[in-house]
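For ligands, and for the atoms within them, numbers begin at 1 and follow the listed sequence. Below, each value reflects all heavy atoms present in this structure, side chains not excepted, and no hydrogens, waters or symmetry copies. The chain is numbered in sequence order, starting from 1.
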Amino acid sequence: MKKLTLSALKKRKNNLPIVMITAYDALFARLLSESADILLVGDSLNMSFGGNADTLSATMDQMIYHTNAVCKGAPETFVITDMPFGSYSDEGIALSNALRVYRETPADAIKIEGGADKAHLVKHLVDNGFAVCGHIGLLPQSVRAEGGYKVKGRSEEEALSLIADAQAIEQAGAFIIVIEGVIADVATRVAQSVSIPVIGIGAGNGVDGQVLVFSDMLGLYEPFVPKFVKQYTNGATVVKEAVNIYKNEVQNREFPDENFIY
Ligand code: KIV
């Protein structure tokens with residue numbers, strides 16, 4: 001599959017839904033890229049790979065290391081790098097960290113969390129030559145400030161505020177928006193209120209595409225399975241069963257047999 005361009009992605013608005021999935025390393029990037037339109041090097045790697053309780057301690061160095069691995073594994077796939085917490089707290093900081101992503105990796109775009117309040121940052125980055133993906137709704141980087149992960153769009157006031165967020169991010173020049181943890185009907189209204197693609201996660205089926213964390217959708221991450229996650233395979237069981245067979249064969253001296261020796 002040839003890498004999609006920004007204009008090809010924009011044309012997917014109200015069209016064939018965009019398939020986005022997170023990737024953190026070359027091994028999985030190669031496998032996932034066979035079906036994904038976009039690989040997102042999400043700061044969620046700080047949880048499933050880093051073993052941390054949330055995304056907030058992810059660093060620029062980490063994001064750059066994982067982005068390079070993903071780009072090497074999937075050189076023909078559009079890659080978005082998540083800007084970690086604190087890396088875009090003002091225009092100057094955002095620009096210098098975004099420059100690190102483009103100078104130190106071949107990533108195609110960056111993603112920042114926030115709505116109308118972050119539109120000036122999106123505009124500053126776009127004006128300086130960056131392709132920016134917005135991220136509105138439930139913002140994982142706000143988990144400590146909000147005291148938990150809160151689904152958004154439960155009132156008409158919240159719905160209107162999400163629409164205003166999406167329109168501000170579009171106006172600022174973002175080419176695509178991720179909408180997370182939003183009541184499905186509201187996410188549909190948000191998607192219909194802008195002319196750029198809106199990719200949902202926990203936001204129903206009325207949007208322009210879907211994104212899932214790969215370790216969630218492969219059933220590899222056991223500590224917590226959010227309601228919106230469909231596990232397409234039971235990866236944890238598959239891995240544990242295989243390693244258990246290996247353990248038994250090693251302990252019984254069945255492995256390696258004559259097929260696996262020099
Ligand atoms: O970090 C991440 O994986 C994300 C997705 C949840 C969209 O931002």
(request) Please step through ring-ring contact (aromatic ring centres under 6.0 Å, His included) for the pair Phe130 and Tyr88, ending with a clear verdict. (result) CA-CA 13 Å; Phe130 290 89; Tyr88 50 96; over 10 Å; no
(request) Check the angle between the aromatic planes of Tyr246 and Phe255 and answer parallel, tilted or perpendicular using the 30° and 60° thresholds. (result) perpendicular
(request) List every atom of ligand 1 that sits less than 4.0 Å from any heavy atom of Leu40, numbering the atoms from 1 in the order shown and giving each element. (result) 4 (C), 5 (C), 7 (C), 8 (O)
(request) Calculate, to the nearest 0.5 Å, the distance between atoms CD1 and OG belonging to Ile38 and Ser33 respectively. (result) 13.5 Å
(request) Please name all residues satisfying side-chain contact (heavy atoms from CB on, under 4.5 Å) with Pro17, sequence neighbours left out, ordered by chain then number. (result) none
(message) Regarding Ser44 and Tyr24, do their side chains bring together a donor and an acceptor under 3.5 Å, going by distance alone?
(response) yes
(message) Show the atoms of ligand 1 that are less than 4.0 angstrom away from any heavy atom in Glu180.
(response) 6 (C)
(request) Quick one: look at Thr22 and ligand 1, take heavy-atom pairs under 4.0 Å, and tell me if it's side chain, backbone, both or neither. (result) side chain
(message) If the cut-off is 4.0 Å to any non-hydrogen atom of Ile201, which atoms of ligand 1 fall inside it?
(response) 6 (C)
(request) Do me a favour and list the nearest non-hydrogen protein atom to atom 3 (O) of ligand 1 with residue, atom name and distance? (result) Ser44 OG, 2.5 Å
(request) Show which residues join Leu138 in its hydrophobic cluster (side-chain heavy-atom contacts under 4.5 Å, direct or indirect), or state none. (result) Met47, Leu56, Phe85, Val143, Tyr149, Tyr221
(request) Examine ligand 1 and decide if any of its atoms is less than 4.0 Å from a heavy atom belonging to Lys111. (result) yes
(message) Quick check on contacts: which atoms of ligand 1 are under 4.0 angstrom from a heavy atom of Asp82?
(response) 1 (O), 2 (C), 8 (O)
(message) When you measure from the heavy atoms of Glu113 to every atom of ligand 1, does any distance fall below 4.0 Å?
(response) no
(message) So if I count the atoms of ligand 1 from 1 in the order they appear, which ones are less than 4.0 Å from some heavy atom of Gly42?
(response) 1 (O), 2 (C), 3 (O)
(request) Could you check Leu39 against Ile21 for side chain to side chain contact (heavy atoms under 4.5 Å, CB included), going step by step and ending with a plain yes or no? (result) CA-CA 5 Å; Leu39 292 177; Ile21 185 164; 3.6 Å; yes
